[in-house]
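Notes follow once the structure below has been shown.
Lettering of chains follows the sequences in order, A, B, ..., and the numbering in each one begins at 1. The figures that follow rest on heavy atoms only: side chains count, while hydrogens, waters and symmetry mates do not.
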Amino acid sequence: MLGAAGELVDRAHDKGPAPQDTGAAAPAKAPVRASITLERPRRAEFGDYSTNAALVLAPALGASPREVALRLGGALQERLGASLDRFEVAGPGFLNLFLSDSWLIAALGDALDAGELFGAGGATPAEHILVEFVSANPTGPVHVGHARNAAYGDALSRVLAFHGHEVGREFYVNDAGSQVRKFGESIRALARGEPVPEDGYQGAYVEQLANQLGRDSTDPAELGRAAVSVMLGEMQSSLVAFGVMGFDRWAYESSLHEGDPSPVAHTLALLEEQGRTYRRDGALWLRTTEFGDDKDRVLVRSNGEHTYFASDIAYHQDKRERGFDRQIDVWGADHHGYVQRMKAAYEALGGDREHLELLIMQLVHLVRAGERALMSKRAGEFVTLDELLAEIGVDAARWYLLARSHDTTVDLDLDLAREQSNENPVYYVQYAHARIASILAKAGPERVAAALTAVAGSEPGPLHAAERALIELLLAFPVEVAEAAERRAPHRIAAYALELAQGFTAFYRDCRVVGAEPESVESFRIALCVASRRLIARSLGLLGVSAPEEM
RNA sequence: GCGCCCGUAGCUCAGCUGGAUAGAGCGUCGGUCUACGGAACCGAAGGUCACAGGUUCGAAUCCUGUCGGGCGCGCCA
C-alpha cells in the first residue's frame, strides 16, 4: 500500500507542469518530492496513514489543496480497492487514509513471512562503511564519556549493518607520542615515591600501575608502553562487559610509523606530490586552508617529529586505501575543533569530504547533589565504566546513554541513576518481551507454529483498535530502522522499542490471546505476539540490550 | 574575540530534511485491582517549545539577532 501511495504521489507530481528548460527549474523537483510525507498520524481520527502530498503539489497543479487531495484519494481508492476502507480530506488539504482490516492482516502476514529479516536491508546504496569509535587514550580507564561513545558507536554499527551496509569497526589506539612517555614518567615517579610531574597522570589506577610495573624498568618510554598494554587489556574487558561487540581491528598509531615506507611517510609523500605541503620555520605544513580550515597545520615539527595530526591523516588514508567508501568517526566533544582540518586533509588526499563523517558526541556531565561536577582526568576524578556498570548494570546503562541523541549534553547523576534504575524504561520493554515469551510458552510451540501458518488469508473478524494500532506499529519498523541508520540516530530505536512495548501492553490489556474464541482469533493473536516479540527483541538487540525470556 | 553543540512539563529527555490540539519516562495527585506475569493499567494537574524579528497557507522545527549553558581555538595528543 505504501508503495502504491508513493507511486501515485510520484505520478501526480510528474503530471504537473513540465519542468521549464532552465537550469534552475530542474533541480527543484527533488526538494518537492522530499517534502511529501506519508506518516502515521498521532490521532486515530486522522486515519492509519496521512499524506500532505496535496498541500505540496497544489501550487504546481494550479488547484486548491483540498481538490488535489480529493483527486489523489479517488485515484488511490481505485487502485487499492478493498484494501483502502475509505479516505478523508481534512484540514487545509491532508489526505487521510483508513485501511481495511484485511489489508492490515495481509501486511502482518508478509512481515511474519520475512522472519528475522523483516526490516533488514534497504540501504541504497549499500556501502562499505568503517566506524571508528571509543579510541580512548590508553593512558586511563574507560570513563562514562567513553561509555557513551562506545554505546553509540556500537549501536550505530549494529543499525547500519542491519540496514544492509557492510560495516567495519575499529578502535584507534594512540600509543605513540609524548603522552606515553609522560604516562611512564608518572608511573616511575609514583614508584619512586616522588611527586608526579606537572601535567602528569594521577589517580588510583596510576598507583596500581606503579606497584605493578614500577620495578621492572626505569625507562619512562618503556614503562609507558608496558602500562599502555595493561590499560588496553583492561579497556577491552570493560568494553566486553558493556556488551560492545568486538572490534574488527585495533589500529595502533605506532604501526603507522613502521615499515618502509611507513603509512605516514606514504601519506606525506602523496600530499607533497599533490603540492599540498610547504616548509616554513623548519616545519612541514599542510595547506588545509585551501579546503576550508582556519589556518594551515603542521605535519612535521621543526625538531623532525611527526604531529599527531600527521598520524591521523595517515590512518584515514589507510582506511580509504583499504576500500571503505565511507568513514564514520565517533569523536568526543573536545575534538570538534579538529573536524575542519581533518576534513580538509581528507580532501587534500583526493577524498570526498562528504564521505568522512565526524560525529561529535556531546559530553556526559556528572551531577552530584544537583550540581554539575567536572570530570578531571588529571586529578583522577571520574566515574569509570566499570563503576557505572556496578551501580546500574549493563542494560540500564546502555539504555540511559542510548536513549538520547548524541548531540545533546546529558546529565548523569549517579545517585539518581542508582535510585531510579528500577524505573528505567528499559525494564518496561524487557518486561513486555518476557511477558510475550510467557504467553507463547503457555500456548505451546505446536500451537504457535500452527498459528503462524494460518495468518495468510485468515479472517479473524473485525480487528480490535488495539490490534490495529499494534499492527501499524510493527509495520513501521523498517522505516524506523532506515531513519535511525540514515540519520545516524540509534536513539530512535530506543524510542520505537518503548512505543512498541506500550502498544503491545495495550493489546494485551484489551485482547485475550490464549483461549480467545474462535480459534482463528486465537491464531491471529498468537501470530501478533510472535511478530511483537521478534521486533522488541530485534530493537533491543540493535541497542545491545538483552531481551530476557523471563525476569 | 572566533567556531561548534545545546536551551521543550518539577526532573531527565524525545519531537527539529516545516504540517492538523507539542509527546514519553520519572516525580506529584486520584483511581483500577488477584491478572494469558501488577516490574501492570486508567485518569488528572503541569508547557509564552530561552527571547525578539523574518520566511511560509502553516514554524518547537528554516533564517537573522540577543541572552544563557557547555566545549574547543598549540610545531599537545
Taking 4.0 Å as the cut-off, does a side-chain nitrogen or oxygen of [X] come that near to OP1 or OP2 on [N]?
X	N	value
Arg435(A)	A40(B)	no
Thr408(A)	A14(B)	yes
Tyr428(A)	C41(B)	yes
Tyr508(A)	G38(B)	yes
Arg341(A)	C4(B)	no
Gln502(A)	G25(B)	yes
Arg181(A)	A77(B)	no
Arg509(A)	C41(B)	no

Polar side chain donor-acceptor pair, [X] to [Y], under 3.5 angstrom:
X	Y	value
Ser311(A)	His257(A)	yes
Ser546(A)	Gln430(A)	yes
Asn137(A)	Thr139(A)	no
Glu170(A)	Tyr315(A)	yes

Taking N and O atoms by type only, does the side chain of [X] place a donor or acceptor under 3.5 Å from a partner on the base of [N]?
X	N	answer
Asn96(A)	A20(B)	yes
Ser405(A)	A14(B)	no
Ser302(A)	C75(B)	yes
Arg42(A)	U21(B)	no
Asn52(A)	G19(B)	yes

[atom1] atoms of [N] and [M], separation to the nearest Å:
N	M	atom1	result
A14(B)	U55(B)	P	31 Å
C51(B)	G10(B)	C1'	22 Å
G47(B)	G15(B)	C1'	14 Å
C4(B)	C41(B)	P	44 Å

Please work out if [X] contacts a base, only the sugar-phosphate, or nothing of the nucleic acid, heavy-atom cut-off 4.0 Å.
X	answer
Asp281(A)	base
Ala283(A)	base
Cys529(A)	nothing
Leu363(A)	sugar-phosphate
Arg297(A)	nothing
His335(A)	base
Ala176(A)	sugar-phosphate
Leu55(A)	base
Glu486(A)	nothing
Glu483(A)	base
Ser438(A)	base

Nearest whole angstrom, please: distance from the [atom2] of [N] to the [atom1] of [X].
X	N	atom1	atom2	result
Arg66(A)	A20(B)	CZ	C1'	12 Å
Leu498(A)	U12(B)	CG	C1'	14 Å
Glu423(A)	C13(B)	CD	C1'	16 Å
Asn422(A)	G27(B)	CG	P	11 Å
Glu549(A)	G37(B)	CD	C1'	14 Å
Phe504(A)	A40(B)	CZ	P	15 Å
Glu39(A)	G18(B)	CD	P	11 Å
Asp510(A)	U32(B)	CG	P	19 Å

Search all heavy atoms of Lys319(A) against all heavy atoms of Asp329(A) and return the closest pair with its distance. NZ-OD1, 3.4 Å

All heavy atoms of Ala151(A) vs all of Arg398(A), minimum pair found to be O-NH2, 4.0 Å

Choose from [options] the nucleotide whose nearest atom is closest to any side-chain atom of [X].
X	options	result
Lys442(A)	A14(B), C73(B), C36(B)	C36(B)
Tyr308(A)	A77(B), C41(B), A14(B)	A77(B)
Tyr431(A)	G25(B), G38(B), A77(B)	G38(B)
Arg301(A)	C75(B), U12(B), U21(B)	C75(B)
Phe94(A)	G19(B), A39(B), U17(B)	G19(B)
Arg404(A)	A14(B), G19(B), G70(B)	A14(B)
Ser50(A)	U21(B), A20(B), C41(B)	A20(B)
Met551(A)	A39(B), G72(B), C26(B)	A39(B)
Thr505(A)	A40(B), C13(B), A77(B)	A40(B)
Trp285(A)	C6(B), C75(B), C36(B)	C75(B)

Quick one: look up who [N] pairs with, Watson-Crick or G-U, both distances under 3.5 Å, and put none if it's unpaired.
N	answer
U64(B)	A52(B)
C33(B)	none
G38(B)	none
C2(B)	G72(B)
A45(B)	none
A24(B)	U12(B)

Given the ring of Phe98(A), does Arg86(A) sit roughly above its face, with NZ or CZ under 6.0 Å from the centre of the six-membered ring and within 45° of the axis? yes

Taking the six-membered ring of Tyr508(A), is the NZ or CZ of Arg435(A) close enough (under 6.0 Å from the centre) and on axis enough (within 45°)? yes

ring centroid sep under 5.5 Å plus plane angle under 30, Phe46(A) with A20(B): yes

Would you call the rings of Tyr205(A) and Phe183(A) parallel, tilted or perpendicular if under 30° counts as parallel and over 60° as perpendicular? tilted

Parallel, tilted or perpendicular: which describes the rings of His406(A) and Tyr152(A), with under 30° parallel and over 60° perpendicular? tilted

